[in-house]
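Single-structure report; data block below.
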4 protein chains.
Amino acid sequence: MSLTLPEDNTRRMELVRIAARLFRDQGYERTTVRDIGTAAGMQSGSLFYHFRTKEEILVAVMALGITRTTEQLAAALARENKPLERVRALFHVHLNSLLGENQAALEVMLYEWRSVSSESRPGLIVLRDRYEALWQQVLDEAAAAGLVKANTRLLRRTLLGSLHWTVQWYNRSGTLGVAELADQIMALTLKD
Amino acid sequence: MSLTLPEDNTRRMELVRIAARLFRDQGYERTTVRDIGTAAGMQSGSLFYHFRTKEEILVAVMALGITRTTEQLAAALARENKPLERVRALFHVHLNSLLGENQAALEVMLYEWRSVSSESRPGLIVLRDRYEALWQQVLDEAAAAGLVKANTRLLRRTLLGSLHWTVQWYNRSGTLGVAELADQIMALTLKD
Amino acid sequence: MSLTLPEDNTRRMELVRIAARLFRDQGYERTTVRDIGTAAGMQSGSLFYHFRTKEEILVAVMALGITRTTEQLAAALARENKPLERVRALFHVHLNSLLGENQAALEVMLYEWRSVSSESRPGLIVLRDRYEALWQQVLDEAAAAGLVKANTRLLRRTLLGSLHWTVQWYNRSGTLGVAELADQIMALTLKD
Amino acid sequence: MSLTLPEDNTRRMELVRIAARLFRDQGYERTTVRDIGTAAGMQSGSLFYHFRTKEEILVAVMALGITRTTEQLAAALARENKPLERVRALFHVHLNSLLGENQAALEVMLYEWRSVSSESRPGLIVLRDRYEALWQQVLDEAAAAGLVKANTRLLRRTLLGSLHWTVQWYNRSGTLGVAELADQIMALTLKD
DNA sequence: GATGAATGAGGGTTCATTCAT
DNA sequence: GATGAATGAACCCTCATTCAT
């Protein structure tokens, strides 16, 4: 099962985006291929021209989510070289990918792991590790600069947990913006 | 659907514990009533003598998870009056309930929310809010004592997110004990 | 399966009456033994002390319905010797047994025949034939007296059909009384 | 639940006819969807591509039964203008729909009413009332012509009851033909 | 006489998947 | 690329019935 992003295949890409939203809103198990077909304006059987199985759709959604976020983080880090700004990028990119408009894929990546077959896991783990390696690097720099505490491996995990959990309580239609929230969580994290 | 804990009904209670483990390991949707029956040594139909629906089992598991944890936290807090020790209780009780041996129900509470019907949610939310109110109170005291930062409402949410996420990466058979992990996460949280 | 009326067994008789009402209101197939137990204030399993199977309850209900009605008709005919009055008795007894208060068993006899096993049918057919023989005799007398048309075998069947069907449209809480209805249907039947 | 007759959908129509016969012979409750599937040469699950629920099949059968009969009666009445002949049409069309070859749907309409959900009833009642309105009109004309007694509303009900009941005793393989039976019942009904 | 707990077969229904057209 | 129809396995749940207590 290839994890190549199907950027070149626009119809497939569109289906992945549609599925991402449904998986996020209803859960993977509770979303039927009929649901996806209906949302895409086609019969459920037609989906199987684009994907071999329902799980392949899930994996494609997840790969999209983690890859897009990794690309965005890499791009942001390429623009910043001050440790504090680089830390800020971690929070902003991650929260935007989770809570921003038209985002759904990363959340699926986080919360539907159990439905991924053992065959598909290794490929996704590679993608996830690549993303977390960026985090680790930035946090290490920040610790060296005295911005955060030294236990950066645990810090990475607790921070990611904090951010992941925001999808459970953040109110998209409330007054607190995503960027503002990112700054507030960062403030809680910094020493002093 | 009553949320009364069926402490007095031992058979039902046993079934809840069995289901909790299955729901945690395979997910609620992927666990069949036949799975539960088999694990309990009975026919799947027999389950419906004790529960009206599969979802009622889920709700019972969740209610057990959050109620037990609340009781344990309340008991621990009753024994401590120093702010730092009270904060420590938050971490230890929570992580023990999530990662300790023979624990499963709280994790189900956190990760299967989407499968709870809208009719059952309010009752569970009440239980959850009761638990989080204890957290809020202890964190407020700690902030007043200068132990943690002042934005305690957000702090409560990010800390809980950090702890919840441990189930995704903590290795029960590794060298890091649950209590030690709790202390390390607390250390990351405290000012200085 | 004995068709002896269990007059001597009051508890069993009470259960038959309770079942009759449920079978009439919901249908035999849609009525569960749990329903009967609940209505009788006992567990469903306890019913099987009184009856071997659910079908035995149905047969008991039917036997009660047809036997009671036969007894009432025989008693009424014993009091009348004028052909017109005897015909009137046919209509009054039958409609009272179908539509009167606290009546249910005869209606079950008419409309749940399909659920009776082939083993139980002969016994019930005997009871039914005994009842219809009374009808046939009275109609023959009436034809001889010029009260009704001569095709009494067909007349018996169409009249019984007319009366049976009243349960589908008669409104127990309306202004038309059962006795009045019986007279009106009789009027339609008489010659002239 | 649409009551439109699915004339244009031949597969669905075929399933309705198959179900009609099973429902008539075994009763709706005693007929399983597996029975229907087997009779139609398909898996039971496949039925649910054509119908949402088993009850939808029942309603389709009933709608077919009453609509077909209404159409046939309307067509027959359009050909006759003498009161006696119009009355004869009532009996012939109705009995043919109940007892004729390849007929089953109307009988289901009459005897499975209890299994129709309250949501589906109003639509069917409209269809039934349309049919009975034709009866009422013809009987009123006949009464005006002195052919039948004046209490036509009750007459309509008792006549329909008589005819409905024929399914319980008429022997399809006996010597009495359906048309002959219709004439005999009509003869019992006419004045003189 | 009755209960509580369970059985076990079967019920209607769902749903990912297939495939001829 | 897509459809319409079907598959077939599995799902949750029901229910008459049993039986030790």
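Quantities reported herein were computed from a predicted structural model and do not represent experimental measurements. Each chain gets a letter, A, B and so on, in the order its sequence line appears, and its residues count up from 1.
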Tell me, what's DNA chain E's dot-bracket, Watson-Crick or G-U with both distances under 3.5 Å, | for other-strand, [ ] crossing? .||||||||||||||||||||

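The nearest whole Å value for the distance from the CZ atom in C:Arg34 to the C1' atom in E:dT7 is 12 Å. Rounded to whole Å, atom P of F:dA16 lies 12 Å from atom CZ of D:Arg30. For the pair A:Glu56 CD and E:dT17 C1', the interatomic distance rounds to 13 Å; values are reported in whole Å. If you measure from atom CG of B:Leu22 to atom C1' of F:dC11, you get 16 Å, rounded to the nearest angstrom. Rounding to whole angstrom units, CG of residue B:Leu58 and C1' of F:dC12 are separated by 14 Å. In this entry the distance linking CZ of B:Arg11 with C1' of E:dT7 reads 13 Å, nearest Å. Computed from coordinates, the C:Gln43 CD to F:dC19 C1' distance equals 14 Å when rounded to whole Å. Rounded to whole Å, the distance from CG on D:Leu47 to P on E:dG11 is 13 Å.
Minimum atom distance to the side chain of B:His50 is reached by E:dA5, of the listed F:dA16, E:dA5, F:dC13. Counting only heavy atoms from C-beta on, C:Ser46 has its side chain closest to E:dA2 among E:dT7, F:dT17, E:dA2. When distances run from any side-chain atom of D:Val33 to the nucleotides E:dG12, F:dG4, E:dT3, the shortest one goes to E:dG12. The D:Tyr49 side chain lies nearest to F:dA5 when the options are E:dA2, F:dA5, E:dT13.
Side chain to side chain, B:Glu29 and B:Ser115 meet the donor-acceptor criterion of an N or O pair below 3.5 Å. Under the 3.5 Å distance criterion, with hydrogens and angles disregarded, no donor-acceptor pair is assigned to the side chains of B:Thr53 and B:Glu55.
Using a cutoff of 4.0 Å between basic side-chain nitrogens and carboxylate oxygens, C:Glu112 and D:Arg114 are scored as salt-bridged.
Residue C:Thr32 is classed as a sugar-phosphate contact, given heavy-atom separations below 4.0 Å to backbone atoms only.
Cation-pi contact between A:Lys54 and A:Tyr28: present, with separation from the ring centre below 6.0 Å and deviation from the ring axis of at most 45°.
Nearest-nucleotide assignment on DNA chain E puts the 5′-proximal partner with C:Ser44, out of C:Ser44 and A:Phe48. Annotation: of the two residues near DNA chain F, C:Thr31 and D:Gly45, the 5′-most nearest-nucleotide partner is D:Gly45.
B:Met13 and B:Leu64 get closest at one heavy-atom pair: CE-CD1, 3.3 Å. Residues B:Ala40 and B:Arg11 share a closest heavy-atom pair of O-NH2, 3.7 Å.
For the side-chain contact (heavy atoms from CB on, under 4.5 Å) with B:Val108, the qualifying choice from B:Leu22, B:Ile66, B:Leu58 is B:Leu58, the only one to do so.
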